[in-house]
There are 2 protein chains.
Amino acid sequence: MKRIADSTVRRLSVYLRYLEELTNRGLSTTSSDELAQHSGTTPAQVRKDLSFFGSFGRRGLGYSVAELATRIQDILGLGHEWRVVIIGAGKIGSALSTYRGFKQRGFTVVGVYDKDPLKSGKRWDGHVVRDVETLEADAAALMPDIAVLAIPAEGVQGEVDRIVRAGIKAILNFAPGRLHVPPGVTLKTVNMAMELEGLSFALTNRD
Amino acid sequence: MKRIADSTVRRLSVYLRYLEELTNRGLSTTSSDELAQHSGTTPAQVRKDLSFFGSFGRRGLGYSVAELATRIQDILGLGHEWRVVIIGAGKIGSALSTYRGFKQRGFTVVGVYDKDPLKSGKRWDGHVVRDVETLEADAAALMPDIAVLAIPAEGVQGEVDRIVRAGIKAILNFAPGRLHVPPGVTLKTVNMAMELEGLSFALTNRD
DNA sequence: CAGTGTGAAGCACTTCACAGCC
DNA sequence: GGCTGTGAAGTGCTTCACACTG
């Protein structure tokens, strides 16, 4: 398949969310115009994004809400459950795992790990925290697909390496700093400091 | 000033973090090559990014770590304190406000608000939670620069409107969905669901 | 006639390559 | 000789515009 831009994938997420809203409101068709309006983009962009994957609409009529939602779910791989381990039994991981949309979209927490021996064995959002040293051994039974890395900055690369050794192919990272993963492993970093600094820049340089 | 790409600002953040590391290690000069290596980009990109704001290096020698760090801090507007209010006394806001780099880079929490009357008056990370209805009245005295919006999906736009009425010009939003702000107000959204779906797509469509 | 699908044009960010200075 | 600063070339995402179809 042709390489798909990251921005395209992000917009598909947004379209899907709006399609779910339309479903809840009992509406059965929509248009690229309407999707664009509610997703902060243009009708041409919506059509182009969808055209990478096929033709899901009908000329003169628009798109079937139900069909398009199913198609986008398939494209994004949301048709089945993804098994997630959380590394770092802190607030960020907890916020994520208790977030409604998390479970709702097929992401299931199958394990929680921490380096701190004081946290090991304690309950945390319905899970028992395990020592992160056991991750590689546990992985065979847990079969996790995704690791959420929510630990302080120190030693993040070491934890990334451990996750990779455990055979996990996707990482959502909340720690700052440059991290290296081998080819075949996808790493996405959410850097809140960077976002705040972007706001600082905007405030400083506004006209 | 010429319009600066968002991606440029984000990279400046990364360069600054590495410059701080060099400072801690007592090193006084660096090069575009070294900065690129540790920031996941190319030397040409580093030089181009910096060239938008001036010439901070010396040909044949490289950059002074101390000088470049100061320059980037100035560019990003990190030279002074930014006053932050947190809307939503939950886990995300708490994770952010207790994050070390937050205070360290000049972001200070000056108020915490929640819609839930059960939370009002309670202590939260050293602050007393106030009813969000009082935000507009409080703003005159608090003089907040930035609002962090960390509430569930329902009624987010209403809170954005309130923040705008309170005269705040920058919003860091953690709620999903499309939000509208008037010109002159900067909105940055961190959407964890979207990041997870990006991972799901990558796992589904890997070769 | 309304609205999709898509090649072509436009635009913006990145990379190249080299002149210029230390 | 080493490394920056920068116009020019390259690349890839976005927007346009229109043929096409229900």
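Every chain is numbered from 1, with letters handed out A, B, ... down the list of sequences.
Between the CG atom of A/Asp6 and the C1' atom of C/dC13 there is a distance of 15 Å, rounded to whole Å. With rounding to whole Å, A/Glu34 atom CD is found 15 Å from C/dT4 atom C1'. Distance A/Asp49 CG to C/dT4 P: 13 Å, rounded to the nearest Å. One atom, CG of B/Leu35, and another, C1' of D/dG5, lie 15 Å apart when rounded to the nearest Å. In this structure, CG of B/Leu50 is placed 13 Å from P of C/dT14, rounded to the nearest angstrom. One can place CZ of A/Arg3 at 9 Å from P of D/dG12, the figure rounded to the nearest angstrom. For A/Ile4 and D/dG12, the CD1 to P distance is 13 Å, given to the nearest whole Å. Note: CZ (A/Phe53) to P (C/dT4) measures 18 Å, nearest angstrom.
The CZ atom of B/Arg11 sits 4.0 Å away from the CG atom of B/Asp49 when rounded to the nearest 0.5 Å.
Between the side chains of A/Asn191 and A/Glu195, no donor-acceptor pair is found at a separation under 3.5 Å.
Nearest heavy-atom pair, B/Leu78 versus A/Ser200, reported as atom, atom and distance to 0.1 Å: CD2-OG, 3.7 Å. Closest approach of A/Leu149 and A/Glu159 over heavy atoms only: CD1-CB, 3.9 Å.
Taking side-chain N and O atoms only, B/Gln45 has a distance below 4.0 Å to OP1 or OP2 of C/dT15. In this model, the phosphate group of C/dT4 is approached by a side-chain N or O of A/Ser32 to a distance below 4.0 Å at OP1 or OP2. Within the 4.0 Å cut-off from OP1 or OP2 of C/dG5, not a single side-chain nitrogen or oxygen of A/Ser51 is found. Contact annotation: B/Ser7 reaches the phosphate of C/dT14 (side-chain N/O to OP1 or OP2, under 4.0 Å). For C/dG5, the OP1/OP2 oxygens have a side-chain nitrogen or oxygen of A/Tyr63 closer than 4.0 Å.
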Yes or no on side chain to side chain contact (heavy atoms under 4.5 Å, CB included) for A/Tyr18 and A/Leu22, after CA distance, side-chain angles and deciding distance? CA-CA 6 Å; A/Tyr18 182 62; A/Leu22 290 179; 3.5 Å; yes
Would you check, one step at a time, whether the test side chain to side chain contact (heavy atoms under 4.5 Å, CB included) holds for B/Val132 with B/Ile87? CA-CA 7 Å; B/Val132 74; B/Ile87 319 290; 3.8 Å; yes
Please encode protein proximity along nucleotides 16-22 of chain D as a string of B, S and -, counting only heavy-atom distances under 4.0 Å. BB-BBBS
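We find that B/Arg58 and B/Glu67 are joined by a salt bridge, their nearest charged nitrogen and carboxylate oxygen being less than 4.0 Å apart.
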